[in-house]
Amino acid sequence: MILKGANSVLPFVVALSTVLALVYPPSFTWFTTRYYAPALGFLMFAVGVNSSPKDFIEAIKRPGAIAVGYVGQYVIKPLFGYLFGTILVSVFHFPTSLGAGIMLVSCVSGAQLSNYATFLTDPDMAPLSIVMTALSTATAVFVTPALSLLLIGKKLPVDVKGMMSSITQIVIAPIVAGLLLNRFLPRVCAAIQPFLPPLSVFVTALCVGSPLAINIGSIISPFGVAIVLFIFGFHAASFIAGYVLTGFVFNKSADVKALQRTISFETGMQSSLLALALANKFFQDPLVGVPPAISVVLMSLMGFSLVMAWSKKQQQKC
């Protein structure tokens, strides 16, 4: 109930954080880039603590759905990232670093917010969403640096080993720590679980508002509006592609609509904060971090707009 209550207010918290960051940037600028990695690590730890083997037993019985979600995450999405990034640079003659930033966003793993979004629209699909996100997250240590090298390597230097090390520390280690705590210290786990959802909402608010507030100058600059439009197009294309692909593959499934919504969230929502952390650490040009900063906000707003639209539609059916 605590988790459900926290998740239900998350869309409004994201919207409020966005408005507050735009109206009064100092409310978030204190949460500087050095806090992004620990914040993301905390969110990953919370996922690990709130997960257990039984959550995944039913989900892994649907390897087809997991495979489609993975293809959406690491094949379709990077193709869109490369397409939008290339058009931005080649056609509109924007700096190469901005195109690289869009491509970097497309190379990272699924966002934990996709699990929240699925939980709010189709609770029965939440374990499947967690499995898909966990798989893309676990393999991100290899896939994200490889994709970054493939898509960005010819444009800007990519530190593959450094990225692998950072992803291991920021993502893999906290999730494993949470799972181990859940498995071997259940009493400690039970004691801290009630505090994690509200703290996760608070941390998410900081992670949405801070990039927007810190990069407000770049976002409202002449090229900022164009970047916002390109990032919006990238995410919209990803959401739609995930939905359409799932409908095509599972058109005879009884729960095809729920599957479509779940994989749409999985394809359209990325761990943009991870992309921002990697941009700040491994790319000297600060412009590389602008698309991920915008993506953190837009991805959240678009995802939870779909939550409200789809939830309302289901309520009307009932």
Side-chain angles (χ1 to χ4, degrees), residues 7-22 43 69 72-73 76-81 83-85 88 101-122 125-126 129 132-133 136 201 204-213 215 219 224-247 257-276 290-314:
N7 287 345
S8 64
V9 303
L10 191 57
F12 304 101
V13 171
V14 168
L16 201 64
S17 301
T18 302
V19 172
L20 187 58
L22 290 171
L43 292 176
Q73 190 63 244
I76 294 175
K77 183 166 58 68
L79 287 175
F80 281 132
L83 175 65
F84 279 90
L88 184 71
I102 295 178
M103 294 178 194
L104 183 60
V105 171
S106 74
C107 294
V108 293
S109 57
Q112 265 56 52
L113 287 179
S114 67
N115 306 151
Y116 295 153
T118 299
F119 180 81
L120 293 174
T121 53
D122 300 281
M125 289 288 173
S129 176
M132 289 190 288
T133 302
S136 70
V201 171
T204 300
L206 293 175
C207 291
V208 170
S210 174
L212 182 59
N215 294 277
I219 293 171
V225 176
I227 301 301
V228 169
L229 292 175
F230 268 80
I231 292 293
F232 179 86
F234 162 71
H235 282 295
S238 299
F239 278 118
I240 294 170
Y243 191 89
V244 172
L245 175 64
T246 307
K257 290 299 180 182
L259 271 176
Q260 284 182 285
R261 289 188 288 267
T262 300
I263 295 180
S264 177
F265 285 134
E266 193 65 25
T267 306
M269 303 180 79
Q270 298 78 47
S271 185
S272 302
L273 191 66
L274 175 60
L276 183 56
V290 173
I294 296 174
S295 175
V296 171
V297 179
L298 272 185
M299 176 265 295
S300 303
L301 292 175
M302 293 172 72
F304 287 113
S305 294
L306 285 175
V307 167
M308 288 185 281
W310 281 334
S311 297
K312 185 176 180 181
K313 188 175 181 181
Q314 287 178 276

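All values below were derived from every heavy atom in this structure, side-chain atoms included, with hydrogens, water molecules and symmetry-related copies excluded. No experiment lies behind these values; they were computed from the predicted model shown.
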Any chance you could measure [X], atom [atom1], to [Y], atom [atom2], to the nearest 0.5 Å?
X	Y	atom1	atom2	answer
L79	M103	CG	CE	11.5 Å
L306	M269	CG	CE	8.5 Å
L245	I240	CG	CD1	13.5 Å
F234	I227	CZ	CD1	13.0 Å
W310	S264	CH2	OG	4.0 Å
F265	T118	CZ	OG1	6.0 Å

Using modelled atom types only, decide if a donor and an acceptor are shared between the side chain of [X] and the backbone of [Y] within a distance under 3.5 Å.
X	Y	answer
S136	G110	yes
S129	M125	no
K77	S106	yes

Which heavy atom of [X] sits nearest to which heavy atom of [Y], and what is that distance?
X	Y	value
S305	L301	OG-O, 2.7 Å
P292	V105	CA-CG2, 3.6 Å
I102	G81	CG2-O, 3.8 Å
D122	A258	OD1-CB, 3.6 Å
G209	A21	O-CB, 3.5 Å

[X]: partners by side-chain contact (heavy atoms from CB on, under 4.5 Å), with sequence neighbours left out:
X	value
L206	F28, W30, F31, F202
A293	P211, N215, L276
L22	T18, L212, I216
V13	V9, S17, V201, A205

> Going through the checks in order, is the side-chain contact (heavy atoms from CB on, under 4.5 Å) test met by Q270 and H235?
Replying inline: CA-CA 9 Å; Q270 298 78 47; H235 282 295; 2.7 Å; yes
> S114: what forms a side-chain hydrogen bond (donor to acceptor under 3.5 Å, both in side chains) with it, not counting sequence neighbours?
Replying inline: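 Listed in chain order: T133, E266.
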> Of all residues at least two apart in sequence or in a different chain, which pass the side-chain hydrogen bond (donor to acceptor under 3.5 Å, both in side chains) check with S272?
Replying inline: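 So S272 forms a side-chain hydrogen bond (donor to acceptor under 3.5 Å, both in side chains) with S295.
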>> Checking F239 against T267 for the side-chain contact (heavy atoms from CB on, under 4.5 Å) test, could you report, in this order, the C-alpha distance in whole Å, the side-chain angles of both residues, the deciding distance, and whether it holds?
In response: CA-CA 6 Å; F239 278 118; T267 306; over 6 Å; no
> In chain order, what residues pass the ring pair (Phe, Tyr, Trp, His ring centres under 6.0 Å) check against F80, with sequence neighbours excluded?
Replying inline: none
